[in-house]
Trainee: 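Here you go, one structure.
Any value given below was found using the heavy atoms of this structure, including those in side chains, with hydrogens, waters and symmetry copies removed. Convention: sequence-line order gives letters A, B, ...; per-chain numbering from 1.
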Number of protein chains: 2
Amino acid sequence: MKRKVTLKQIAKELDVSISTVSKALRNSVEISEDTRLKVQAFAKLYNYRPNNIALSLKNRKTKTIGIIIPEIVHHFFSKVISGIESVANKRGYNVIVGLSNESFAKEVINMEMLANGSIDGFILSIAKETLQQQDYHHFTETINQGMPIVMFDRVVNDIKCDKVIVDDSQGAKLAVNKLIENGCKNIAIVTTKDYVSVGKLRTQGYLEALEDHKIDPKASLILKVHDQLLSEDHLDSLEIEIDNLFKNNKNIDGVFAVNELYAITAMKVARKLGLKIPEDLQIVGFTDGVLSKHAVPALTTVSQHGKKIGEKAAELLINNLEREDEEDYAETVVIETELIERKSTK
Amino acid sequence: MKRKVTLKQIAKELDVSISTVSKALRNSVEISEDTRLKVQAFAKLYNYRPNNIALSLKNRKTKTIGIIIPEIVHHFFSKVISGIESVANKRGYNVIVGLSNESFAKEVINMEMLANGSIDGFILSIAKETLQQQDYHHFTETINQGMPIVMFDRVVNDIKCDKVIVDDSQGAKLAVNKLIENGCKNIAIVTTKDYVSVGKLRTQGYLEALEDHKIDPKASLILKVHDQLLSEDHLDSLEIEIDNLFKNNKNIDGVFAVNELYAITAMKVARKLGLKIPEDLQIVGFTDGVLSKHAVPALTTVSQHGKKIGEKAAELLINNLEREDEEDYAETVVIETELIERKSTK
DNA sequence: ATGGGCTACGCAAACGTTTTCGTGTTGACA
DNA sequence: TGTCAACACGAAAACGTTTGCGTAGCCCAT
């Protein structure tokens with residue numbers, strides 16, 4: 001077992017100083033061609049690679065991006081990561097992932113753990129619990145210490161930092177407009193509680209679309225799912241809530257769901273109630289994941305281009321990191337949504 | 001913008017030496033209670049946190065685990081990551097993720113990038129291309145340099161390192177036995193080319209199950225999907241191949257698919273051909289992801305407990321890292337599979 | 001012979017820690 | 001008063017780099 005070789009060892013072996021070795025490897029003109037070649041040959045032979053940690057310490061930058069997300073077993077978030085990773089890699093950065101599990105405490109711990117030198121900046125999406133408690137001190141402190149943050153998807157306006165979001169309200173309008181065009185008269189929405197910013201915005205888009213078409217919204221058609229963290233475990237209660245929605249509103253002919261799971265579940269419940277899709281009931285979801293694509297019938301949905309979001313977030317962060325001037329910009333990029341029409345609408 | 005405070009700054013501010021500060025913070029008996037409290041108060045006030053990078057350099061360990069996987073937008077792999085992350089976090093480690101995209105070159109690059117000091121050890125699942133080329137030098141070299149590796153799922157026996165696998169062949173037998181018990185006489189398998197170790201093993205389990213029941217395998221019932229990297233894009237060709245399978249073997253009454261996508265697609269194709277599931281055709285998949293759970297009918301499948309795999313892999317790696325003696329053990333842990341019966345079988 | 005200017009290299013500091021060892025000051029004791 | 005231990009602290013090395021600067025040795029011109 002041969003340990004990694006260091007400059008010091010090469011220097012000793014070749015009987016020169018450490019600085020000579022370092023300079024030789026970096027092709028400094030200070031070093032004679034003779035020794036330069038000798039050193040380089042030796043380094044190659046022993047497969048010398050500079051130690052990243054030492055470089056990080058010296059340069060005071062790690063070339064590593066910290067990602068904090070609520071969960072990773074989730075199509076959208078993993079898509080975003082893949083986007084981040086792709087541009088990060090291209091630009092010579094690594095990504096280190098922390099999971100908050102939607103918990104405020106874990107989000108804080110994770111960020112503190114990484115903020116102490118391990119990374120150069122954060123890309124994150126806020127945990128539900130944090131949104132609920134509205135305690136954002138860990139974000140502001142991080143930023144105050146000079147460590148940039150890029151937020152995506154679940155963001156909060158008060159914090160001055162780069163953000164990448166989709167136009168949720170616009171996407172929702174896309175969806176609801178489609179339902180209206182297709183002749184739906186009683187369109188229900190299955191959404192989250194308001195503290196989830198994206199849920200709120202999508203609900204808002206739903207309302208605007210109705211308004212645009214002079215349709216009065218009905219409170220009974222708005223289901224704000226009572227989520228205990230939206231784990232897949234309490235799927236039953238979700239089904240029950242949706243079931244009640246349908247039973248209390250027999251005339252529903254369109255459903256807009258703010259995420260895949262809600263949409264799929266709505267479809268399942270509707271089918272159990274004997275409704276035909278899309279003949280009796282049309283459904284549009286949000287987020288284009290595997291579920292939507294492979295559902296039967298395939299689900300019409302609003303794609304938010306997760307990968308693109310990740311790519312853009314990484315670009316913003318890295319640009320920020322590599323900018324010379326110390327101005328702190330705070331850009332908000334909106335990624336276009338797109339309605340993908342499949343079989344759950346006419 | 002106040003930068004992170006260092007020992008040196010505290011020392012200067014309090015007019016003591018750096019070593020005194022360090023010792024005071026670590027409650028050394030060498031330091032008088034007086035100065036100890038003073039230093040600690042000051043440190044708390046300025047929210048001092050030791051710099052991870054400096055610690056890593058000094059201790060020659062980073063408390064970070066490198067994960068290299070083929071893709072992250074994938075239910076199984078993200079499950080594994082969540083398992084790794086959970087025990088890593090509990091034991092004070094971070095995880096840094098590299099994606100190979102099934103490419104040999106990217107796998108090598110990623111590993112080299114991380115191996116130079118950034119991490120203490122690897123947990124990885126091998127890229128298809130690597131398996132195809134059978135070039136494993138990057139693994140052996142990494143291990144030779146004293147950096148431990150734990151492989152999971154897609155492993156290769158020649159390499160001496162810890163491994164966490166599921167009993168693929170056993171899991172496949174579970175699935176096929178179920179089909180046989182349920183009365184299937186002509187069971188097809190939709191699998192991968194043989195160089196994907198898990199595909200091969202599952203095929204093997206399929207054959208063994210048939211043999212156990214004195215059923216002669218028929219070559220025409222074995223479809224080894226011609227995958228160009230199994231991206232979701234060339235889904236069409238997958239459908240066509242499965243379509244041909246059914247058309248050339250009208251008597252198929254059971255299908256075992258080695259992954260979710262194959263299973264779902266088989267179901268879709270079967271339905272198009274007018275087959276009723278599970279009446280005319282029973283299907284069992286492998287890997288318990290969202291697709292299986294939410295498919296209609298819900299898919300009977302072999303669960304491989306991805307999260308548990310990740311947890312075990314992390315335990316093995318960290319135990320290895322924190323072991324005192326320098327013996328290099330090489331343990332292989334087999335995680336039990338489980339047949340989850342749902343609606344696609346009788 | 002002196003000075004100047006290259007060339008080719010080494011020294012040392014710096015990044016932020018931890019830890020070993022050395023040492024100045026105190027008080028007690030003979 | 002002199003000795004010694006205990007106490008409280010500082011100096012310095014080490015982890016592995018990079019880099020500004022100093023300088024020894026040489027050649028050439030004056």
Trainee: Establish, from distance only, whether the side-chain atoms of A/H138 and A/E112 form a donor-acceptor pair under 3.5 Å.
Mentor: no

Trainee: Just wondering, more than 12 heavy atoms not from B/D34 lying within 6.0 Å of its CG?
Mentor: no

Trainee: Taking atom types as modelled, find out whether A/N52 and B/S118 have a side-chain donor-acceptor pair closer than 3.5 angstrom.
Mentor: yes

Trainee: Does B/S56 make a side-chain N or O approach to OP1 or OP2 of C/dT17 shorter than 4.0 Å?
Mentor: no

Trainee: Could you check whether B/S22 gets within reach of a base, just the sugar-phosphate, or nothing at all, counting any heavy atom under 4.0 Å?
Mentor: base

Trainee: Enumerate the residue pairs fulfilling salt bridge (charged side-chain N to carboxylate O under 4.0 Å, His left out) with a member in residues 310-321 of chain A, sequence neighbours excluded, ordered by first and then second residue.
Mentor: A/K312-A/E315

Trainee: Rounded to whole angstroms, how far apart are CG on B/D15 and P on D/dC9?
Mentor: 12 Å

Trainee: Got more than 12 heavy atoms from elsewhere within 6.0 Å of CG, A/D15?
Mentor: no

Trainee: Report, one pair per line, the protein and nucleotides 12-16 of chain C atoms (nitrogen or oxygen only) whose separation is under 3.5 Å.
Mentor:
unit_1 : atom_1 : unit_2 : atom_2 : d
C/dC15 : OP2    : B/K8   : NZ     : 2.8
C/dC15 : O3'    : A/R60  : NE     : 3.3
C/dC15 : O2     : A/K58  : N      : 3.4
C/dG16 : OP1    : A/R60  : NH2    : 3.3

Trainee: Looking across every strand, which nucleic acid part, if any, lies under 4.0 Å from A/T35 by heavy atom: base, sugar-phosphate, or nothing?
Mentor: sugar-phosphate

Trainee: For A/S22 and A/S19, test the side chains for any donor-to-acceptor distance below 3.5 angstrom and give the result as yes or no.
Mentor: no

Trainee: For side chain to side chain contact (heavy atoms under 4.5 Å, CB included), just list the numbers for A/R91 and A/N319, CA-CA rounded to whole Å, side-chain angles, deciding distance to a tenth of an Å, and then say yes or no.
Mentor: CA-CA 10 Å; A/R91 299 183 63 168; A/N319 286 346; 3.1 Å; yes

Trainee: If only side-chain N and O atoms of A/R36 are considered, is one of them under 4.0 Å from the OP1 or OP2 phosphate oxygen of C/dA8?
Mentor: no

Trainee: In whole angstroms, how far is the P atom of D/dC21 from the NZ atom of A/K23?
Mentor: 12 Å

Trainee: What is the distance from CD of A/E30 to P of D/dT18, rounded to the nearest Å?
Mentor: 14 Å

Trainee: Nearest whole angstrom, please: distance from the P of C/dC9 to the CG of A/L14.
Mentor: 11 Å

Trainee: Report yes if at least one side-chain N or O of A/R26 is closer than 4.0 Å to OP1 or OP2 of D/dT17; otherwise report no.
Mentor: no

Trainee: Is the ring pair B/F77/B/H74 parallel, tilted or perpendicular, if the boundaries are 30 and 60 degrees?
Mentor: tilted

Trainee: For B/K4, is the NZ atom crowded, meaning more than 12 foreign heavy atoms sit under 6.0 Å from it?
Mentor: yes

Trainee: In dot-bracket, 5' to 3', how would DNA chain C read with Watson-Crick or G-U wobble pairs under 3.5 Å, [ ] for crossing ones and | for pairs to another strand?
Mentor: ||||||||||||||||||||||||||||||

